[in-house]
> 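The structure is given below, and queries will be raised subsequently.
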Amino acid sequence: MGQANQAVIDKLMLLISRFILDLAVATDGVVISNDKYEDLLYEQKNKYTNIIRTKVIMYMFVGDTFMISHDPNGKTGPTLDQLLNPNAK
């Protein structure tokens, strides 16, 4: 693949990433992704920082089983239940 083609693909992926994060910001939602969005963390710091640092939930597959940690942000962050049900007590 040529450099021009790769540049187009990179730009498209960045647009898709922005769309995903904009939707999460607008809906106070979470993002299930293994992308760390580091390229956008510093580019749009004020807009995406909270979503990227606290609401991007990484996952893995073990065989056919989809797995997400119950504490995706560690001991000090919100639990998975708190992220998925912010109004639950």
Side-chain angles (χ1 to χ4, degrees):
M1 182 179 321
Q3 286 182 335
N5 290 340
Q6 187 61 46
V8 170
I9 291 170
D10 290 347
K11 186 172 183 175
L12 180 61
M13 294 304 295
L14 196 57
L15 289 171
I16 293 168
S17 294
R18 282 189 187 116
F19 174 78
I20 291 167
L21 293 176
D22 282 338
L23 182 61
V25 169
T27 62
D28 194 29
V30 298
V31 177
I32 308 295
S33 175
N34 286 333
D35 187 339
K36 295 180 182 179
Y37 297 101
E38 292 173 338
D39 47 345
L40 291 173
L41 180 63
Y42 301 107
E43 177 183 313
Q44 297 282 338
K45 187 170 182 172
N46 294 329
K47 187 173 184 180
Y48 300 132
T49 299
N50 184 54
I51 291 290
I52 292 171
R53 291 204 172 139
T54 63
K55 294 192 172 190
V56 173
I57 301 172
M58 300 183 100
Y59 66 91
M60 72 172 125
F61 282 94
V62 177
D64 291 335
T65 304
F66 178 74
M67 298 183 67
I68 298 175
S69 174
H70 292 287
D71 60 346
N73 294 311
K75 294 178 183 178
T76 60
T79 65
L80 181 62
D81 288 336
Q82 291 168 328
L83 287 170
L84 297 178
N85 302 301
N87 296 325
K89 294 182 179 183

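Quick caveat, the model's predicted, so the values are computed rather than measured. Residue numbers start at 1 and run along the sequence shown.
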> Ignoring hydrogens, what is the shortest heavy-atom contact between Thr79 and Gln82? Give both atom names and the distance.
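Taking Thr79 first and Gln82 second, the nearest heavy atoms are N-OE1, 2.7 Å.
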> In terms of hydrophobic clustering (I, L, V, M, F, W, Y; side-chain heavy atoms under 4.5 Å; direct or indirect links), are Leu21 and Ile32 co-clustered?
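In one cluster with Leu21: Ile32, no.
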> What residues form a ring pair (Phe, Tyr, Trp, His ring centres under 6.0 Å) with Phe66, not counting sequence neighbours?
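Here the qualifying residues are Tyr59, Phe61.
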> Assess whether side-chain contact (heavy atoms from CB on, under 4.5 Å) is satisfied between Tyr37 and Ile51, documenting all intermediate values.
CA-CA 10 Å; Tyr37 297 101; Ile51 291 290; over 6 Å; no
> Show the numbers, then the answer: is there a side-chain contact (heavy atoms from CB on, under 4.5 Å) between Leu80 and Asp71?
CA-CA 6 Å; Leu80 181 62; Asp71 60 346; over 6 Å; no
> Measure the CG-OG1 distance between Asn50 and Thr54 for me, rounded to the nearest 0.5 Å.
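Taking CG in Asn50 and OG1 in Thr54, the distance rounds to 3.5 Å.
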> Quick one: which residue pairs count as a salt bridge (charged side-chain N to carboxylate O under 4.0 Å, His left out) with a foot in residues 20-30, not counting sequence neighbours?
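Only Asp22-Lys47, Asp28-Lys55 qualify under salt bridge (charged side-chain N to carboxylate O under 4.0 Å, His left out).
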> Distance from Leu14 atom CG to Leu40 atom CG, nearest 0.5 Å?
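If we round to the nearest 0.5 Å, Leu14:CG and Leu40:CG are 5.0 Å apart.
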> Would you name the heavy atoms of Pro72 and Ser69 that are closest together and state the gap between them?
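Closest pair (atom of Pro72, atom of Ser69, distance): CD-O, 3.5 Å.
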> Ile16 and Ile9: same hydrophobic cluster, using ILVMFWY side-chain contacts below 4.5 Å?
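Yes, because Ile16 and Ile9 connect within a single hydrophobic cluster, where side-chain heavy atoms sit under 4.5 Å apart.
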> Can you get from Val30 to Ile20 by hopping between Ile, Leu, Val, Met, Phe, Trp and Tyr side chains that sit under 4.5 Å apart?
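As far as the 4.5 Å side-chain criterion goes, Ile20 and Val30 are not connected within one cluster.
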> So if you build clusters from Ile, Leu, Val, Met, Phe, Trp, Tyr with side-chain heavy-atom gaps below 4.5 Å, do Ile57 and Val31 land together?
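Ile57 does not cluster with Val31.
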> Any non-hydrogen side-chain atom of Asp35 less than 4.5 Å from a side-chain atom of Val56?
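No, every pair of side-chain atoms sits at 4.5 Å or beyond.
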> What's the separation between atom CD1 in Ile68 and atom CE in Met60, rounded to the nearest 0.5 Å?
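Output value for this atom pair is 10.5 Å.
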> Leu41 versus Arg53: any side-chain heavy-atom pair under 4.5 Å?
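SC-SC contact between Leu41 and Arg53 confirmed.
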